[in-house]
Structure formats: structure tokens, C-alpha cells
Amino acid sequence: MSSSYKARTTEQKWQKKWNSSKLYKVNLASKKPKYYNLVMFPYPSGDKLHVGHWYNFAPADSWGRYKRMNGFNVFEPMGFDSFGLPAENYAIKTGVPPQKSTEKNIVSMIKQLGAMGTMYDWDKTAVTSRPDYYKWSQWVFLQLYKKGLAYKKDAPVNWCSSCQTVLANEQVQDGKCDRCSTIIIQKNLYQWFFKISDYSEPLLDNADLDWPEKTKIMQKNWIGKSSGCDIYFKLEDGDDVLTAYTTRPDTIYSVTFVVMAPEHPLLDGLVKGTKYEQEVKEIRKVINRQSIIERTSDTGKDKIGCFTGKYVINPVNGAKIPVYVANFALMYGTGIVMADAHDQRDFEFARKYSIPLKFVISEKGEKIDPKDFQGAYTGDGILFDSEGFNGMNNRQALPKMIDFLEGKGFGKRATNYKLRDWLLSRQRYWGAPIPIINCPKCGEVPVPDKDLPVVLPIGNVDYKPKGKAPLASVPRFVNTKCPKCKGKANREVDTMDTFICSSWYYLRYLSAKDKKQAFDPKIIKKWMPVDMYIGGPEHACMHLLYARFIHKVLMNDPKAEPFKKLVHQGLITKDGAKMSKSKGNVVSPDEFVEKYGSDVFRMYLMFMGPFTDGGDWSDKGITGLARFVERFWTMLDAKETKVVDQKVMKISVHKLIKKISEDIEKFHFNTAVASLMEFTNLGLKNGLDKASKKIAAQLIAPLAPHLAEECWSKLGGKYSIFDSKWPKYDAEFTVDDTVRIGVQVNGKVRGEIEISKETTQEEAIKLARSNENVLKYLTQGQVVKEIYVPGRIVGFVVK
RNA sequence: GCCCGGGUGGUGAAAUGGUAGACACGCAGGACUUAAAAUCCUGUAUCAGCAAUGAUGUGCGGGUUCAAGUCCCGCCCCGGGCACCA
């Protein structure tokens, strides 16, 4: 007679024991092989941990436990990415300093993480908003500054004229401020950038990374390398030259107009004092309100622009062609687009504004005219009306045309990247202040390392910006001394993008005890790169690219990579939407943990589906896991069970070892749990000996750590199960003696035969033919082919 | 719009090109119980049939193959990202 499993008390007992025995304290100097198991650290939101966090962290912890049982010294740290917008907005609303609300959230999240029963070593943590962390974020900024990778330039921000503040994209809804509905405009501010574009090539080199292929492709597309040509368009009057970059110089004879970005620095000069000045101003005002997605969206009605009154010369044919301003031209690259009939967007714009168009490519080189077409001819083909290039295939002509343009001085071969420099200035309070002092005499002066951190003032701050960043009203920021000349100077009042803080935290976790450096080069050398990095796919292009960039810079090695292997967990939604406080659809794990225990809850999340898929939250089915834990407990707890068949038992145990090991290696936790259920259903029926029970406890240990530790201890295992060795399977016992396979006739299953693993093709086919139902179909024609895939299928083709 | 994913029973899902629906939830029936809960047993893609079996079936339309959820081409729908949410 076995008693039922008391999840909550058992879990608390083991959590206590794990703590008091310091089971998860990691010795970074240990000689065991290292394994750095990292998850993306959370933002300490007021919603605390939700089921999405659990969905992410629990399997990641299971993975760490699995690696530990496989003999690795697993380092599994946890921290908080605690700067950011929500705490600042909360402060604006309530006056509570972000330091206070953030630290409070951290305390409750640590408590929740404890209830989860994870292996985190809290001696080694990182909280980005604490001065002992952001001191070093500022130091990181200065490293980039000293390498010439930080610079300032004008860049637009979302500006709400009513709130007198900069808005995040998230705060702009349909072009309006989400608080006061004022129409948002783009306003230029002088801001800091990191030259990530200098690292385009090293960042493209990702062949050695064990990352999801889709993530690598997304990064590659984000960096957007293309090769093409700059083409110079001289103004008809005046000396200015408009340089356009194109990947399609083969269409140069088709170019009938040129489009400028509304933000182009030459634009004002071009239209100043002309009758077009007013119209350009008006159109720019409208475009100012559009988001980049709206501007580049490919649906015809959204394309807007106007004539500038200016003309440029198409260098190849001397044609005088008009210059337009349009929303779809962005101020990236040269900010000038050469426009022609072979591009759909250009074509539609030209139609809308009655600009002449001409084709120079057709399928066979026959002359075609845009007036007979509804849209652009975007295919490849044979060139015509292109002087020396007529009759050539456009793709083959392309490099020759670049040679021609270069030879004549009309242009220059060029490589282009879509990757833009990283804008890091934020006109906000809750971030790390940029460690630069502006001195009227000495100019930009970096804060000396000994004066770091530049501390954020606590309390007595007006978090709500009134036209200026909040720190602009803090006296010690406005009045300070220049470190060079000791004269009066002022500090930067902008703070840094939180992505900077999250670009190097994995190094901070590895600090030496005294923490007197940002990170310890000796420890880094041993422990980097991170062996497993787990986090959401939404970070594919930004965080993961920024971290790779910062790591390369800090390591002084363009080949250095921070994350060797990467896995993305899926997103957990509620009623189809991302969980967020504003939508009021955040689901807390606490009540489920209270009711069923952490093991049941984490296994339920794993059992929901593949880790990389995510899904919509529902607690339907959690009882299945509670039943399973109870059954598993009964199976291992029953004093003496009669083993029905030793060999059958042995095979089921070894098959399970193989299956669980393979599934965990592939992050298929869902099928690992399913196999354990199947095993339990059989084990309760057929009985298990003590050695097999101990193996079963070990196999469930990564997935249900408390349950496993309890079973292990009851079975007389030495504490802790997580210091025991992961069981090995004997291949001999992983194959059943006989299998049932299907018999197909012309691809349709017509019967089933049971054969042993030694059965030859002849025997299998003979057996299949003896099946009455199969025979029925075989006699309907001539058997022209016989197929035998051992262990899978017997097939006949009948004609 | 652009880039990247995904679409399988009532539900969550499983499936190296080889018997589609493992494992669960739910539901139905049964056992135990005065009763209920819990537990245990049986059934459960759809249609026809007592059954054997047959037909249909993995978003839609085509293709390759003895054999397609899986590979190829063209659509539709849903999700993530698009540079200030993190």
C-alpha cells in the first residue's frame, strides 16, 4: 500500500536541502569540463513571472540538469535586465522611483524562481540597473568611444508636441500619441551612435555558429549586403551631384526620374526660394507623420511625393530628368533612388504623378512600351534601347555596364549594407547615463574610469520630461567640472539604450569575486563562449546582433562569438495575444504551482508541445500530468513488485534511456514526457526491479527534479541524484524481438504482418503474400515490383 | 509591403519519404461506492457497416514517387520581426 505523493511539502523540503548543501554553487575554477547554460535574462516587470517565463526557464533548467548528470560543471546564472520603459512610465504615473519598484519586483521574482526549483547560482548574478553593473556598462560605452566606434549625429525621434516628449515606437498608435492622441512628428535630435556598420562583414560570418538556420538567415537579411553601383546624377543647373546607389545598373537607360528622401540634406538648398518650396514643405510634413513601414509599404495608394522643380542629367544618355521627393525614399545609404519602369514602386509613383516611363528590357528584346502595361516589367530578359548593350541578356550585361559607368566616370562599383548604425541615445531617466562631459573649451570629454559610475539621482527627479531629457533638470548634470581643464561643463543628459546593458551581461556573470573589473579575462578565457543560449526568436536581429558586435569589440577580435549554440523557445500567448499587463491577459504560474507543485507545472508546459513552438495558454490537461506524477510515484514506491518478464522489462528500460537521452538532446521535452508516461503505464502492469526504478528516477530527474530526488532517496540512492551519472543504454536491448509492419499494395495499406528483426526480404514478402486481404489485391493484376524496408513496410506494385 | 516561421481529430499534439493521429485532455460506457469524488477498465478522425472491411482525410490547387503531413511549384490564412517594448 503506497501513500500519495505530497508535491508541495516534498518540493519545499528538497529546495531547502539543495540550498543548505550548496548543491548549485558553481566553482568556476573546477577542472571538470565546463558548460555555460544561459537563458536570456528577464525584465523585472510588475506582473512578476508569468507562464511564458516558466515555459522558457524550466526546460532550460532541465537542460542544465541533464548536462550536469552527463558530467559537466554546469554554470547556470540568472539576472535581471532592469532598465527600461515600463518602470519609468510607472514612475511618471505614481511617483515611485524606478529603483524602488524595480528592486521590489526583483525580490518577488527571485522568490518565484526559487519555487520553481532551478539550479541558479545566485552568488553570480547581474542586475543592470544597479550602480555596480551600470558603472561597467558606461565603461563598455567608453571602450567603444576610445576605439572610435561611438559618434554623434542628427537622427529623428517620435515627438509628441503636447506631452513635450520623445515616444517609443510602442507608444505611437496609428501615428498618434497613445496617451493624448496628438499626431506624432519626426524631430531631429543630436544623438549618439555605435558604428556597428563597421562590423557588417564579421557579423555576416556566422557559418560556425550552431544556431537555428532561420535566425542566421534573418540576421543575414537584416545586414542586407548587396553589390551594385553608385551612379552620379549631375544637377542640370548648379554643381551638386545626386549619388544614387543601385543593384540594377542594367536599367540605367530606363531611368526617367530621380527620387530624394525628404530628409536629404541637399533638399532645402535645392528648393529654397523657388515656387516648389512650399509644396515640398507640405509633403514633408505629411511624410513626417508616417512610420517607416507605412512609407515603404508596397501598396500603391500610400506612395506620396512631389516635384522639386529641379532636373538632373542621366549620365548615359544626357537626358534631362526630374527630381522628386517621395516617402518611399529613406535617408539610408545615399538617400537618392534612381527610378525607372522596371521597378514596381517607381512605376506606380510615375503613373500617379504622370512622369514619363520607358522600358529597356523585354523577354526577347522586342520593343515594349509602358503605356501598354499596368505594372512594371520586373523580369529578366534582353536589353533594347541601351546603346552598346542592345541584344544582351540584362544579367550578363550588368557587370559590363558597371565597368562602362566606371570607365566614363559616371559611377563607381559599390557594396551596400542595409545594417544601420546603432542609435543608443535615449531621452529618458531610467537607463545608464552616457559617460561624456561636454566642455565649452575641450569639447567632448569622456568621463575618466575612476569617476565611474555616473550615478543616476534617486528620488526628487521629475521623471516626466518637459521638452528635455529628465536628467537635464538635475543640477549635477547641468553643472559639472571638465575633467581636463577643470572649467565649467555639463554632462550628457541622455541615457543609453538598454540593449547595451544586455549586450555583455553574460561576461558580467563570470566576474571574479572582487568584481573590480567589468569581467575577468582569465575566467572569460576558460568559460566563453556560452555553450547554450536560450531565448525568444524576437531577439534574432537586434539583441543577438548587438551582443555579437559588442563581444567582438570587447574581445578585440572580430572573429570572437559570444554564443556557440542557440535555441529559441516558442511564444506563449493568451487568447492569441502576447501576454502583457496592458492587455490584462497575464497568467501567473503561482496558483498552479501551489495546487500541483512545480514538477507537474513544468512538465505540463513541456508536454504542451515542442519547446520551439509555444502556443496558446490553457490549463486544460494539467490534470493529466498530476495523474502521471502520482502513477510514477506509485510505480517507484511500491515495495516489491513482481517482474512479469525480465527481458521485456530490460528492453523497456533501455529503450527509455535511449529515447529520453535523444529527446532531451533535441529539446523534444514533450515526447520525453510522453515516453515516460508510456513507460509508467507498462511498468505498473509488468513490474520493475529496484535497479530499473533507480534508472527511471534518474531519467525523470531533469524534468521533475523534486520528484526524482525524493524517489532516489527512497530507493537508497546517494544524495544528490544530480550528482549521479546519467544512465547508459545497451544497444542490444533497444530493439524489440518482433515488430508489426504494414503491407501496402500500390501504396495503400492492405494488411499487417508480425516479423522478427532477423526476417529476410524473401521471408517477409512470403509472409505478406499469405495475408488473405493482401492476396485479394495482388490477384487483381501483375505484381511488377516488391519492396521491403526492414522494420517499416512491405510493398507491392500491381499492374 | 519586406524578412522569418507555422497550418494534422472536439482540444494540446506524435510521426528518419514507409501502417497518419503515439502520449495526454475531453467525452461516452462500465467496475468500485448508499452516493459523489478519486481510482481502475473499455471505446473514441469522419462516413458506411454488427463486424470483417471499404471509402475519405494532415489549410487550398497542381506535381514528383510503388508510397507524400514530410519533397517541388502556385495560392489562402495565422504568428514573430521591421531598428525607442524587451
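Letters go in sequence order (proteins before strands), and every chain restarts at 1.
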Rounding to the closest angstrom, what is the interatomic distance between B:U65 and B:C71 at atom C1'?
10 Å

Between CG of A:Asn221 and P of B:C4 the distance, given in whole Å, is 5 Å

Parallel, tilted or perpendicular: which one describes the rings of A:Phe669 and A:Phe611, with boundaries at 30° and 60°?
perpendicular

Between the protein and nucleotides 40-45 of chain B, are there any N/O to N/O pairs under 3.5 Å, and if so, what are the atom names and distances?
| from | atom 1 | to | atom 2 | distance (Å) |
| --- | --- | --- | --- | --- |
| B:C40 | OP1 | A:Arg631 | NH1 | 2.5 |

Quick one: is B:U56 close enough that its OP1 or OP2 comes under 4.0 Å of any side-chain N or O from A:Lys748?
yes

What integer distance in Å separates A:Ile622:CD1 from B:G26:C1'?
16 Å

Between A:Glu88 and A:Tyr429, is there a donor-acceptor pair closer than 3.5 Å when you use the side chain of the first and the backbone of the second?
yes

Going by heavy atoms in the side chains, are A:Phe194 and A:Ile500 under 4.5 Å from each other?
yes

Which value, in whole Å, describes the distance between the P atoms of nucleotides B:G9 and B:G69?
14 Å

Is any side-chain heavy atom of A:Phe347 less than 4.5 Å from a side-chain heavy atom of A:Arg351?
yes

Using the C1' atoms only, state how far B:A13 lies from B:A20, rounded to an integer number of Å.
13 Å

Using O4'-C1'-N9-C4 for purines and O4'-C1'-N1-C2 for pyrimidines, with syn meaning within 90° of 0, is B:G9 syn or anti?
syn

Could you tell me how the ring of A:Phe549 sits relative to the ring of A:Tyr199: parallel (under 30°), tilted (30 to 60°) or perpendicular (over 60°)?
perpendicular

Output the rounded distance in Å from CG (A:Asp619) to P (B:U11).
17 Å

Okay, side chain of A:Gln171, backbone of A:Cys177: is any donor-acceptor separation there less than 3.5 Å?
no

To the nearest angstrom, the OH-C1' distance between A:Tyr596 and B:C25 comes to 12 Å

Parallel, tilted or perpendicular: which one describes the rings of A:Trp617 and A:Phe592, with boundaries at 30° and 60°?
perpendicular

Specify the separation, in whole Å, of atom CD1 of A:Ile217 and atom C1' of B:G5.
11 Å

Which whole-number value in Å describes the distance from A:Ile787 CD1 to B:U65 C1'?
10 Å

For the P atoms, the ones on B:U56 and on B:C2, what distance do you get once it is rounded to whole angstrom?
39 Å

Would A:Arg426 and A:Asp497 count as a salt bridge (charged side-chain N to carboxylate O under 4.0 Å, His left out) if you check the C-alpha gap in whole Å, the side-chain angles of each, and the deciding distance to 0.1 Å?
CA-CA 6 Å; A:Arg426 297 289 181 270; A:Asp497 179 7; 3.2 Å; yes

Starting at atom CD1 of A:Ile741, determine the distance to atom C1' of B:A15, rounded to an integer number of angstrom.
17 Å

Those residues that, when tested against A:Glu213, pass side-chain contact (heavy atoms from CB on, under 4.5 Å) (two or more places apart):
A:Lys216

Work out how far the C1' atom of B:G26 is from that of B:C77, and round it to whole angstrom.
27 Å

Using a 4.0 Å heavy-atom cut-off across all strands, classify A:Leu676 as base, sugar-phosphate, or nothing.
nothing

Just to be sure I understand the rule, does A:Arg295 reach a base, reach only the sugar-phosphate, or reach nothing, if contact means heavy atoms closer than 4.0 Å?
nothing

Within the side chain of A:Thr759, is there an N or O that forms a donor-acceptor pair under 3.5 Å with the backbone of A:Ile755?
no

I need a per-nucleotide contact map over nucleotides 69-85 of chain B, read 5' to 3'. Cutoff is protein heavy atoms under 4.0 Å; write B for the base, S for backbone only, - otherwise.
-----------SSBBBB

Sugar-phosphate, base or nothing in reach of A:Tyr777, heavy atoms under 4.0 Å:
sugar-phosphate

The nucleotide from B:A86, B:G10, B:A14 with an atom nearest the side chain of A:Pro610 is B:A14

Under 3.5 Å side-chain donor-acceptor pair for A:Gln219 and A:Trp211
no

Scan A:Asp616 against the nucleic acid and name what it touches under 4.0 Å (heavy atoms): base, sugar-phosphate only, or nothing.
nothing

Under a 3.5 Å distance rule, please check whether A:Thr734 uses its side chain to pair with a backbone N or O of A:Lys655 as donor and acceptor.
no

So what does A:Gly624 touch, heavy atoms closer than 4.0 Å: a base, only the sugar-phosphate, or nothing?
sugar-phosphate

Roughly how far apart, to the nearest Å, are B:A45 and B:G1 at atom C1'?
40 Å

Integer angstrom distance from the P of B:U8 to that of B:G61:
16 Å

Treating A:Tyr55 as the side-chain partner and A:Arg602 as the backbone partner, does any N or O pair qualify as donor plus acceptor under 3.5 Å?
no

B:C85 and B:C4, which share atom name P, separated by this distance in whole Å:
23 Å

Of the nucleotides B:G18, B:G54, B:U19, which one has an atom closest to the side chain of A:Arg740?
B:U19

Below 4.0 angstrom from OP1 or OP2 of B:A55, is there any side-chain N or O of A:Arg750?
yes

Applying side chain to side chain donor-acceptor pair (under 3.5 Å) between A:Asn327 and each of A:Arg295, A:Gln290, A:Glu294, report the one that passes.
A:Gln290

Short N/O separations, protein against nucleotides 21-23 of chain B, under 3.5 angstrom:
| from | atom 1 | to | atom 2 | distance (Å) |
| --- | --- | --- | --- | --- |
| B:A22 | O2' | A:Glu678 | OE2 | 3.4 |

Which is more 5' along RNA chain B, the nucleotide nearest A:Val797 or the one nearest A:Met608? Just name the residue.
A:Met608

Applying a 3.5 angstrom cut-off to the pairing atoms, does RNA chain B sit in any stems of at least three consecutive Watson-Crick or G-U pairs? List them by first number.
B:1-7 with B:76-82, B:10-12 with B:23-25, B:26-31 with B:39-44, B:45-48 with B:53-56, B:59-63 with B:71-75

Partners passing side-chain contact (heavy atoms from CB on, under 4.5 Å) against A:Asn681 (at least two apart in sequence or in another chain)
A:Arg631

With no hydrogens and no angle check, is any side-chain donor or acceptor of A:Lys352 less than 3.5 Å from a backbone partner on A:Lys303?
yes

Rounded to the Å, how far apart are A:Met109 CE and B:A86 P?
15 Å

